[in-house]
Number of protein chains: 2
Amino acid sequence: MFSKACEYGIKASTYIALQSLEMNRVSLKEIASEINSPIAFTAKILHKLAKNDILESVKGPYGGFQIKKERIDSIKLAHIVAAIDGDDIYNGCALGLDECNALQPCPLHEKFVGIRSDLKKMLENTSLYEVATGLEVGLTFLKR
Amino acid sequence: MFSKACEYGIKASTYIALQSLEMNRVSLKEIASEINSPIAFTAKILHKLAKNDILESVKGPYGGFQIKKERIDSIKLAHIVAAIDGDDIYNGCALGLDECNALQPCPLHEKFVGIRSDLKKMLENTSLYEVATGLEVGLTFLKR
DNA sequence: CTTATTTAAGATAATTTTGTCCGAATAGCA
DNA sequence: TGCTATTCGGACAAAATTATCTTAAATAAG
């Protein structure tokens with residue numbers, strides 16, 4: 001469904017959001033350990049998310065990653081996915097055709113219209129805030 | 001969504017089904033040309049599908065691939081996907097956790113329950129017959 | 001029974017994705 | 001200023017996926 005990079009990106013953003021809600025800036029090392037991901041690879045992904053204005057990075061001692069508290073609710077999963085995997089997941093053809101639309105559909109086009117639109121809506125409507133708070137109360141998990 | 005291999009597998013099976021409905025056995029070369037796929041790679045995929053009892057292969061002159069007419073309706077997309085990509089697409093965790101279920105869910109688990117179940121149902125209920133007949137009447141396309 | 005045609009099967013190669021390493025840049029602190 | 005913790009950014013490496021090539025095996029037809 002998502003690439004590994006995107007999985008790490010979502011998990012990392014969720015953890016950073018959770019900590020940011022409590023005013024904590026978190027280091028790469030801590031993030032990677034909390035989400036069980038390879039450190040250096042995670043760094044690249046966080047870097048990309050920072051460039052895409054999804055999170056902020058601070059260099060130097062006591063540096064790390066954070067998200068402005070007031071933005072946590074307006075950042076949606078779709079933003080993260082788009083930054084890392086692009087929009088193929090809901091805009092691309094299930095069979096990989098370059099031109100696949102209602103006029104020239106692949107054999108599965110109609111079958112996927114509903115599913116892809118549900119997925120798109122879900123990603124566009126789910127905020128980092130919503131995702132992080134489940135974690136906070138111990139209802140959901142980022143590793144295992 | 002699907003791997004390239006799976007995309008080719010679905011497209012190839014659809015074309016073979018269409019031709020089998022008209023009693024035509026089709027060669028690898030013809031299939032690859034009809035679905036715009038690399039010949040040798042397609043051969044591997046067809047071979048796998050044959051081993052999985054989804055289609056039949058016949059060696060030698062006038063050989064090729066075919067599907068028993070009476071089976072075309074009972075072969076579902078889910079069978080093809082399972083043979084090539086496995087069942088991760090509807091059973092795996094969206095965030096890649098090994099253990100992710102209602103009791104120990106990842107933060108996206110609940111969000112994906114409906115989408116994955118819809119996808120699963122769709123793949124399990126869509127037969128090769130249904131997919132091939134759209135092609136037959138020129139309503140859908142396998143390349144472009 | 002020989003030849004031509006076609007799939008089978010495995011080795012190899014190219015590409016993409018995933019992952020590592022290391023020096024540079026930045027910032028806090030003594 | 002100089003030391004240290006940390007991200008930045010690019011080069012490099014490993015693994016997975018996609019794709020090619022070559023030879024073998026099967027089989028229909030002359």
Side-chain angles (χ1 to χ4, degrees), chain A residues 1-13 15-16 19 24-33 35-67 81 83-86 88-89 92 95-96, chain B residues 1-13 15-16 19-20 24-67 81 83-86 88-89 92 95-96:
Chain A
M1 196 72 130
F2 300 125
S3 69
K4 227 74 178 101
C6 194
E7 289 177 10
Y8 296 147
I10 294 172
K11 288 193 270 193
S13 302
Y15 182 70
I16 296 167
Q19 292 302 318
N24 298 323
R25 183 182 292 162
V26 283
S27 74
L28 168 64
K29 215 188 292 183
E30 180 180 343
I31 295 166
S33 139
I35 71 172
N36 232 334
S37 66
I39 295 188
F41 190 44
T42 306
K44 304 226 143 151
I45 297 161
L46 294 180
H47 184 43
K48 197 169 201 171
L49 291 175
K51 270 196 194 157
N52 276 268
D53 207 39
I54 287 165
L55 41 85
E56 297 170 285
S57 68
V58 179
K59 287 183 183 176
Y62 302 93
F65 297 87
Q66 63 193 19
I67 305 178
V81 174
I84 302 177
D85 277 355
D88 254 28
I89 199 174
L95 296 184
Chain B
M1 195 72 128
F2 300 128
S3 69
K4 227 74 179 103
C6 195
E7 290 177 8
Y8 296 149
I10 294 172
K11 288 192 269 193
S13 301
Y15 182 71
I16 297 167
Q19 292 301 319
S20 292
N24 298 323
R25 183 183 292 162
V26 284
S27 74
L28 168 62
K29 214 187 295 183
E30 179 180 342
I31 295 166
S33 138
E34 285 297 325
I35 71 172
N36 232 335
S37 66
I39 295 190
F41 190 46
T42 306
K44 304 228 144 148
I45 298 160
L46 293 180
H47 184 208
K48 197 170 201 173
L49 291 175
K51 270 195 192 159
N52 276 269
D53 208 36
I54 287 165
L55 41 84
E56 298 170 285
S57 68
V58 178
K59 287 183 183 176
Y62 302 92
F65 296 87
Q66 63 193 20
I67 305 178
V81 173
I84 301 176
D85 277 354
D88 254 28
I89 199 173
L95 296 184

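Chain naming here is simple, since letters A, B, ... match the order of the sequence lines and numbering starts at 1 in each. Here the structure is a predicted model, which is why all the values come from computation and not from measurement.
A donor-acceptor pair is defined here as one N or O able to donate and one able to accept, closer than 3.5 Å; no such pair exists between the side chain of B/N24 and the backbone of B/S20. A donor-acceptor pair under 3.5 Å is absent between the side-chain atoms of B/K29 and the main chain of B/I39, judged by distance alone.
The interatomic distance linking B/K59 (NZ) with D/dA28 (P) rounds to 12 Å, in whole Å. One interatomic measurement links the two molecules: CD1 of A/I84 to C1' of C/dT16, which rounds to 17 Å at whole-angstrom precision. Summarising the geometry, the separation between CG on A/L28 and P on C/dC22 is reported as 16 Å, rounded to the nearest angstrom. Following rounding to the nearest Å, A/K48 (NZ) and D/dG9 (P) show an atom-to-atom distance of 13 Å. Following rounding to the nearest Å, A/E30 (CD) and D/dA5 (C1') show an atom-to-atom distance of 15 Å. B/I45 has its CD1 atom 15 Å from the C1' atom of C/dA8, to the nearest Å. Summarising the geometry, the separation between CG on B/D85 and P on D/dA16 is reported as 16 Å, rounded to the nearest angstrom. Atom CD of B/E7 and atom P of D/dT18 are 9 Å apart (whole Å).
Toward the 5′ end of DNA chain C lies the nearest nucleotide of B/K29, the other residue of the pair B/K29 and B/K51 mapping further downstream. Mapping A/P61 and B/K4 onto DNA chain D by nearest heavy atom places A/P61 at the nucleotide closer to the 5' end.
Note on B/S57: a side-chain N or O is less than 4.0 Å away from OP1 or OP2 of C/dA8. For D/dA19, one of the phosphate oxygens OP1 or OP2 lies less than 4.0 angstrom from a side-chain nitrogen or oxygen of B/Y8. For D/dG9, one of the phosphate oxygens OP1 or OP2 lies less than 4.0 angstrom from a side-chain nitrogen or oxygen of A/H47.
The two atoms that bring B/Y15 and B/E34 nearest to each other are CZ-CG, 3.3 Å, heavy atoms only. B/G9 and B/I84 make their closest contact through CA-CD1, 3.9 Å (heavy atoms, listed as atom of the first residue, atom of the second, distance). Closest approach of B/I67 and B/S13 over heavy atoms only: CD1-O, 4.0 Å.
Heavy atoms of B/A43 sit nowhere under 4.0 angstrom from any nucleic acid atom.
A/K44 contributes no side-chain N or O that forms a donor-acceptor pair with the base of D/dT7 under 3.5 Å.
Nearest to the side-chain atoms of A/A40 among the listed nucleotides C/dA8, D/dC21, C/dC21 stands C/dC21. Comparing atom distances between the A/F41 side chain and each of D/dA19, C/dG19, D/dT27 picks out C/dG19 as nearest. Of the candidates D/dA26, C/dG28, D/dC21, the closest approach to any side-chain atom of A/Y62 belongs to C/dG28.
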